[in-house]
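Taking it in order: structure first as structure tokens, then the write-up.
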Number of protein chains: 2
Amino acid sequence: MIKDITKAKKSIYEGAPLLVAVDCIVFGFDKERLKLLLFKRKVAPFMDEWSLIGSFVKVDENVSEAAHRILHESTGISGIFLSELGSFSNPSRDPGGRVLSIAHYALMRLEEQDLQAVANFQAQWFDVEAIPDLVLDHNEMVAQSLARLKVNAHSHPIGFELLSEKFTIPQLQLLYEAIFQQKLDRRNFRKKIKAMGFLEKLDEKDKSSSKKGAYLYRFNKEEYEKLMKEGLNFVI
Amino acid sequence: MIKDITKAKKSIYEGAPLLVAVDCIVFGFDKERLKLLLFKRKVAPFMDEWSLIGSFVKVDENVSEAAHRILHESTGISGIFLSELGSFSNPSRDPGGRVLSIAHYALMRLEEQDLQAVANFQAQWFDVEAIPDLVLDHNEMVAQSLARLKVNAHSHPIGFELLSEKFTIPQLQLLYEAIFQQKLDRRNFRKKIKAMGFLEKLDEKDKSSSKKGAYLYRFNKEEYEKLMKEGLNFVI
DNA sequence: CTTATAAGTGTATAACTGACACTTAAGAAT
DNA sequence: ATTCTTAAGTGTCAGTTATACACTTATAAG
């Protein structure tokens, strides 16, 4: 920090600037499986290889703004949950130059149109169980994001960023099973999640996955925030 | 990322480079209280104001290496636990220029010599309950670090980075009380921490804080790592 | 009207958490 | 020598929470 910036510019970076980029690890949930958004690069270098979406931070924006902007420019997606994962700064991580990337992971609800829409951007949703080889250190970024997601899911109702406004309890359970990568007991899951008190049962049913149909619920955000302030422990 | 680096250098940063710095939030524990290491700046700007230690990342090192190097150069401290907190990137955070800082928090054992040694570097250990106004956004960095420390202390035996090799259970309890900012029950604390199974009782006593003396313990790292792999839940 | 399928529900046992009070060791004071 | 002071060390019980587990119900399909 602020030793002498003018000197720093000259002595540290002259002729070999350090560029700052943002990469986004975008997770979505299509009511059954956890998905990851990837892009097929259409230009050199790494033409035709799969990659996360990312670009450079501009001088007049902070990194969070950059992440939102880049995501919007590259996919049309906006207004979703984004959280900083951490920096990836190995000096030789990018053969094209010294680029430090601040990875962000994003969570979004996958509606029908999202599955279509991203195709216009040469993007594709992959099942997290079947992620291809990615450019640079992007596989490592994905692995760290999944680990972070697992940890955070224990203390935040992350599920609600990933589900559409109305969802069934079996859908919510599928999501948590995808995040934790383990089967959960149906009865105990329902008991716990209901006991937390921020689910609102609706009078509608979703019959897309069974004849009987499952009741739809809604997440009561006010109730949740009240509970968080009191120190909710969200253990599934 | 990697759209076209040559173009990026030109169009994004020409004449207004974005510099990358690292700031270190260094916590220590002196067997009684949680402390924070601060520096009195001896040069303009912000002469004579208190500040965290930080400097610029060099082109041939990653940010973690930079944090260790900067800490060593500024304090003589080396080989301590360091973890990335996150980026601070408000474009106007530093009036001297566009500097993005990646904050790292560090935990260290405070031995007698450390209390002396830092004086040679115009540094001073402050009680975390009494931190002065700091330059730039450093107070915010400290606040976020304390919050992170609180969260992490629940899932990692952070205490052991902050205590010297041999410690008593009452010292360990004081540390957790400082981190969580609440009193804990002596009997229950002892019960839980012992049940975790990675404390080795020694035949020595520390009589610095009572006539009776408290038994010294040692942290068994192998045992701890074995437990972590099996999925230890470190809840104090 | 039978069948197949996923949704929905309750209970009993074990494990854990949290509250709580007296005894002990040893130096200090008399 | 005896008493006093101080922090260290110890166990139990009650309440809560976690886990394991099996049958009934609603409805569309055949």
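Chain A is the first sequence line, chain B the second, and so forth, proteins listed ahead of strands; every chain is numbered from 1.
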So, does [X] get its side chain near the phosphate of [N], meaning an N or O under 4.0 Å from OP1 or OP2?
X      : N      : value
B:K205 : D:dA8  : no
B:R187 : C:dA19 : no
A:K194 : C:dG8  : no

Among [options], which nucleotide has an atom closest to any side-chain atom of [X]?
X      : options                : result
B:S209 : D:dA7, D:dG9, C:dA7    : D:dA7
A:K211 : D:dA28, C:dC20, C:dG27 : D:dA28
B:P170 : C:dC20, D:dG9, C:dA7   : D:dG9

B:K212: which residues meet the side chain to side chain contact (heavy atoms under 4.5 Å, CB included) condition with it, sequence neighbours left out?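 For B:K212, the residues satisfying side chain to side chain contact (heavy atoms under 4.5 Å, CB included) (neighbours in sequence not counted) are B:K205, B:S210.
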Take atom [atom1] of [X] and atom [atom2] of [N], then tell me their distance rounded to the nearest Å.
X      : N      : atom1 : atom2 : result
B:K207 : C:dT24 : NZ    : C1'   : 13 Å
A:R186 : D:dT24 : CZ    : P     : 15 Å
B:L216 : D:dA7  : CG    : P     : 18 Å
B:K192 : C:dA15 : NZ    : P     : 18 Å

Considering heavy-atom distances to DNA chain D, does A:K191 or A:K212 have its closest nucleotide positioned more toward the 5' end?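 Result: A:K191.
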Shortest non-hydrogen separation from B:G54 to B:D23 and the atoms involved: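 Shortest heavy-atom contact: CA-OD1, 3.4 Å.
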Counting C-beta onward and ignoring hydrogens, is there a side-chain heavy-atom pair between A:L107 and A:L149 closer than 4.5 Å?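 In short, these two side chains touch, coming nearer than 4.5 Å.
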Do the ring planes of A:F27 and A:Y105 sit parallel (below 30°), tilted (30 to 60°) or perpendicular (above 60°)?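 Correct class here is perpendicular.
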Select base, sugar-phosphate, or nothing to describe what A:T168 touches, counting heavy atoms under 4.0 Å on all strands.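 Since no nucleic acid heavy atom lies under 4.0 Å of A:T168, the category is nothing.
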